[in-house]
Amino acid sequence: MSDKSVVKSGSNLERVLSSGHFAVTCECGPPKGADVELLEKKVALIKGCVDAANVTDNQTAVVRMSSIAASSILVKNGMEPVMQMVTRDRNRIAAQSDVFGASALGIRNMLCLTGDHQSFGNHPKSKNVFDLDSLQLLDVVRTIRDRGVVNSGDPVQGGIKMFLGAAANPFADPFEFRVIRLAKKIDAGADFIQTQCIYDMKRFRDFMKMACDMGLDKSCYILAGLTPLKSAGMAAYMNKNVSGITIPEEIIKRIKGAAKNEQAEEGIRLLLDQIQEVREIPGISGVHIMAIEWEDRVREITERAGLLPRPLL
Amino acid sequence: MIVADPKPFLQVKGYLEDFQKILVVGCGTCTTVCLSGGEAEVQILASGLRIAFGKDGRKKTILEECIQRQCDLEFVEPVLSRVESENIDAVVSLACGVGVNFLADRLGKTPIFPGLDTTFYGANVEQGLWAEMCAGCGSCIIAHTGGICPVARCSKHLLNGPCGGSEKGRCEVDPANIECVWQLIYDRLKRLGRLEDLRHLLPAKDWSTASDGGVRRSTREQLYDI
Amino acid sequence: MPMDKSSPGFLNTIAGDALPTCSAACPVHTDTREYVQRVSMGDYEGALDILLEVNPFPSVCGRICHHPCESHCRRAAIDEAVSLRMIKRFIVENTRQYRIARRKKAVQVSKDKSAAVIGGGPSGLTAAMDLALRGYKVKVYEKDSKLGGMLAHAIPRYRLPPEALAEDIEDILATGIEVHSGCTVGQDISFEQLKKDNDAVLIAVGLAESHSLPIPGTSGKGVFLGVTFLWDVANGLCPELGKRTLVIGGGNVAIDIARAAKRLGPEKVYMACLESRDEMPAWKWEIDEAEEEGIEILNSWGPKEILEKDGAVTGVRFRRCSSVFDAQHRFSPTYDDSETNTVAVDSVILGIGQKANLDFLAGSAVSVNGGRLICDRESMGTSEPGIFACGEVMTGPGSAIQAVSTGHDAAKVVSHYLETGKLLKLPNKKVLDIGELPAVTAANARHFDRVCVELSDPAERIKDFSPIEPVYTEEEALSESRRCLSCATGAHLQFPNHCAGCLTCVRICPFGVAQVRRTAFMPPQQCQTCGLCAAECPAFAIDTLRFPTSAMKTAVEDSVSALDPGRIARPFLISYCCVNGTTSRKYLGEQSAEEIMESGILRVLVPCVGRLSMADLISPFELGADKVAVVSCPEDGCYYPRVESWLDRRIKRTQKYLDQIGVGGENLQLFNMEGSGDESWPRIWEKFRAVNLETAVGNL
Ligand SMILES: Cc1cc2nc3c(=O)[nH]c(=O)nc-3n(C[C@H](O)[C@H](O)[C@H](O)COP(=O)(O)OP(=O)(O)OC[C@H]3O[C@@H](n4cnc5c(N)ncnc54)[C@H](O)[C@@H]3O)c2cc1C
Ligand code: SF4
Ligand code: SF4
Ligand code: SF4
Ligand code: SF4
């Protein structure tokens, strides 16, 4: 169980959260190659708008620049990364070794994930690893950080500083198990949680109510995940094809209701409404804005949501 | 039991291009039961090979045989001697990979080829349908999961609950065909009033007992000096 | 493909000694299932062989047998019994030439002992024939000018025409028995003489006389005794009946009398009997036919007096019969004298039962008690050594086939006596049958209407003695023969060691028959022989007794090996056809190699193509076929439930496989025939053969 009063890594994100500010994170996907410039351009777009940016790890099982390398580039460019790490591609040896490396490169936030199945990506014939699941990864990294030993029990040479995060999806099934799983993640070492994108506010409120009733918000910071819809088409696509995401009918209608060239703007307006809504939900400590391939609007969004300027702590 | 599927015919034929006298050997146990390597499939494959090579204008001798099990010495011995005495050039086995290996280890100079793709340990859940049930990991954990194995039946082998892709009881990897095993585990433990079992973190699993620990052996001390 | 004509009874093995109920019920245990199966495969001659094996009177039985086989047919649990008598009649009427050709030459007398048979009815003739076949000298003494007993001079011609009887008798006479007809023992030759001239004597005199009634008026003019009346009718001596005739009696004989009387022209014919309608001993169908012919039946009346005026009958007075049987079901009628009825008639015929005339035994050592011959049923011996009895004189009134059965037995005991001088005790004849068709199996079986023929119009048929029942057409006979379940000839575990206990058979069996306990077993009494299990068994551990596909494979190989590949018209088509589609023998016979080569078609007839395994579907290509057609019944017409969908899947899998092996899946096609096979098969063959070998088959 994480104790909020103990400093885990001293990262910017941790500081923002522990000082009681409403945190803002966003996503910053590495390029499908070694194009550093492209990555730096993205960084420039979001710099100053968020407290930290998630660097995805071969998201949807499509091969990209490694999240450690990309996170390190963010560090160099003055943008704090949340390095994502999936267990799909590395066993416990590789995972621990990468965590050492990340810490050494100045990476202070990490999100532990299982990862999308390789069948969704561009190498469906590859072999997966899944030596650990996301909870076990949290447990392993937390143990290195707090007890100074690797999974086998051997002591480490030089400890790590890492603010540990995990994902939660309140919308997947079985619903009643979702809070239990959140609790398990916190038990396993999660200091903060970023949720899957929320569209069904009602179900999310129910979820948060259950989480608060169990006191989970006391031992962990929960950031509500939000993804702006660029068009009615995107809404329909996500509803149909992304498992674990359902978009309520009235939202699809709302975007559809706008003229074609107005739909993106309507999507942003919806997002702003959602940000206001989640701010009011007890137990929510921030938002995680996943503006997929829309980094250029992050500034506008955070601006209009009244989230700027970000605190400098 | 072990489940195996017939290999594409042309693949098997391809293995045999260079051989003249070929013996197709079926297995009367698992692959008979899963309808891919019994007497019937031996005849079907042998017949197919004769026809296909005949069409290429190459007459080959294709012999047939089906034994009780290909993974026990006494049962395979007659095949070994037949191969020897009849100067057979190549053997195609319609057993699971175990049988192919077992024969290969004993066949001296005669090549052997698999006629099947061995897939998994599964159960015959419906007529004509088999599903994977166990991964043979060597340290069974299903006491904690209501007797249902997430190692074998979860696409990501997750041990601490469903991933975010579980929807309406189906697995995100192939919702049409795969059940989310974690939904099954959850439902079952709920029925058993044992949801508590899922509250505890299952730590990183010991994979050394699985094939990851090196080739495995199993002994019986009453019969074998350990 | 050649048909299997192996010996009768070869199928009995899986049910052990138990017979199908039809055969078990038949007094001579005709291998019913086998002759019906032979008919269904177009082998009418083979079917006749089976009939003649145990019954020298198949023509007679085809007409008038009361067919206990049918009454015990297991198909009745599904819909209705198989019409076995009609099939039998079809067989004899379609194999006349063959029957003459197969008739054996007279058997040489090889033994120095001789036997005399008194009475040329079915029992006496059967015994005589059997004894002659065993090499004894046999002499038959028959008081009538014609042989056949009651068959010749009692059963009316509209049911049994003399030609039918003659066919059977010719066969019997061909064995070389010596016949003295018109020779009454006791009058023309003494019983003592027979004993002196022979080593054994068999009394087979039947029950030749009618009982009279102990009531006033029976001797008047216009009162006839039933048997005498029928004898006269049979011999063309039309007895003179008045306008209104009444027959007393409620059994089959009485019905024959009434119906014969009706044909002689009276305006009104009545039948009166003690029994209520349900108790009448006559067969229900006989009663129905009589009523159709306008005969009025007066039930539950006991005759009290035949009324006369001036020596001529004027009517019959009856009293109510309140019950016929006592609590033990013995004949013991009681009457209610307060209720009476008088029927005005001018002729009365007594049909209340028959008795034997044993006058010729007077003075001999053969005991007779109350007009009945004393005879031990087990050894068939009378009180005098060397004197035996069979037929109705021994059993009492019965049926023709039962009389035949006792004739066979008599030949056994008599020849044993002739050889050893000792009596042979016949074993208790209780035969084991396979039991009724279990209800669960029956419930799963498909219904198929019994093929019924229409009797001549009652208004027409009462005009004369012409036969009233048409014979089955070939199409009808074939179709009815296919209703036979061929009981207990189904699937069995041919190779128990191969069975992996995979449960495929259990799951695929549409009748819930197959079971697995370590290995599979299919209770023979239940299996319906669809062959699905055998076709899908991954171990090929199952075979069916009736039409094993393993034997078919060899037969096809043999047929093909007789061909000259260079001379076969291409494309060479091997066509599996469901035998149930045939309406004639056109396609049921064997094909000559020449015919196959010229037409480019080899047909393989299968009782339901659902039993063809995937290997069966591929192997013809290995034998050199260019195309393989599987022709099943018309859509939804399959004899068995669910076979069509399984076959369809199997064919689709095979087509894919054929694609892979380079044969081209389109060269295997499943067809449903439209209408009969005889008409639709050639169309299917022609079209399928016409499709270019290399191109996909379109819509056929
Ligand atoms: C009207 C009627 C209808 C019938 N219908 C049927 C039917 O539909 N189906 C069926 O299965 N059965 C039927 N039966 C019964 C069947 O005909 C008899 O069961 C059968 O004929 C009995 O055969 P048998 O050989 O015992 O005697 P019989 O057929 O009676 O033959 C006895 C023979 O012995 C001869 N004989 C008698 N005394 C002497 C003597 N002293 N010297 C020389 N010869 C002598 C007689 O002339 C006769 O030919 C019917 C019988 C009758 C009377
Ligand atoms: S835990 Fe391993 S051994 Fe046990 S059932 Fe699952 S896969 Fe099989
Ligand atoms: S179905 Fe055929 S074999 Fe079975 S009892 Fe009837 S006639 Fe006999
Ligand atoms: S289908 Fe064959 S192998 Fe399977 S249980 Fe039946 S008889 Fe045995
Ligand atoms: S599947 Fe058909 S042949 Fe096999 S046991 Fe059942 S009824 Fe008999």
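Computed from a predicted structure; not experimentally measured. By convention in this document, chain letters (A, B, ...) are assigned in the order of the sequence lines, proteins followed by strands, and residues within each chain are numbered from 1.
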So which bits of [range] come within less than 4.5 Å of chain C, counting non-hydrogen atoms only?
{"range": "residues 38-47 of chain B", "answer": "B/Gly38, B/Glu39, B/Ala40, B/Glu41, B/Gln43, B/Ile44, B/Leu45, B/Ser47"}
{"range": "residues 56-80 of chain B", "answer": "none"}
{"range": "residues 1-14 of chain B", "answer": "B/Pro8, B/Phe9, B/Leu10"}
{"range": "residues 104-123 of chain B", "answer": "none"}

To the closest 0.5 Å, what do you measure between [atom1] ([X]) and [atom2] ([Y])?
{"X": "C/Phe621", "Y": "B/Lys55", "atom1": "CZ", "atom2": "NZ", "value": "8.5 Å"}
{"X": "B/Asn124", "Y": "C/Leu503", "atom1": "CG", "atom2": "CG", "value": "7.5 Å"}
{"X": "C/Arg507", "Y": "B/Gln127", "atom1": "CZ", "atom2": "CD", "value": "6.5 Å"}

Which atoms of [X] come close to chain B, meaning under 4.5 Å heavy atom to heavy atom: side chain ones, backbone ones, both, or neither?
{"X": "C/Cys537", "value": "backbone"}
{"X": "C/Thr504", "value": "both"}
{"X": "C/Tyr657", "value": "side chain"}

Task: Between C/His498, C/Met614, C/Gln660, C/Glu536, the one whose heavy-atom pairs under 4.5 Å with chain B are most numerous - done: C/Gln660
Quick check: are there more than 12 heavy atoms from other residues, nucleotides or ligands sitting under 6.0 Å from [atom1] of [X]?
{"X": "C/Lys656", "atom1": "NZ", "answer": "no"}
{"X": "B/Arg194", "atom1": "CZ", "answer": "no"}
{"X": "B/Glu17", "atom1": "CD", "answer": "yes"}

Task: B/Thr29 to C/Ala500 - nearest heavy-atom pair and separation - done: O-CB, 4.5 Å
Task: For B/Leu35 against C/Cys502, the heavy-atom pair lying closest together - done: CD2-SG, 4.5 Å
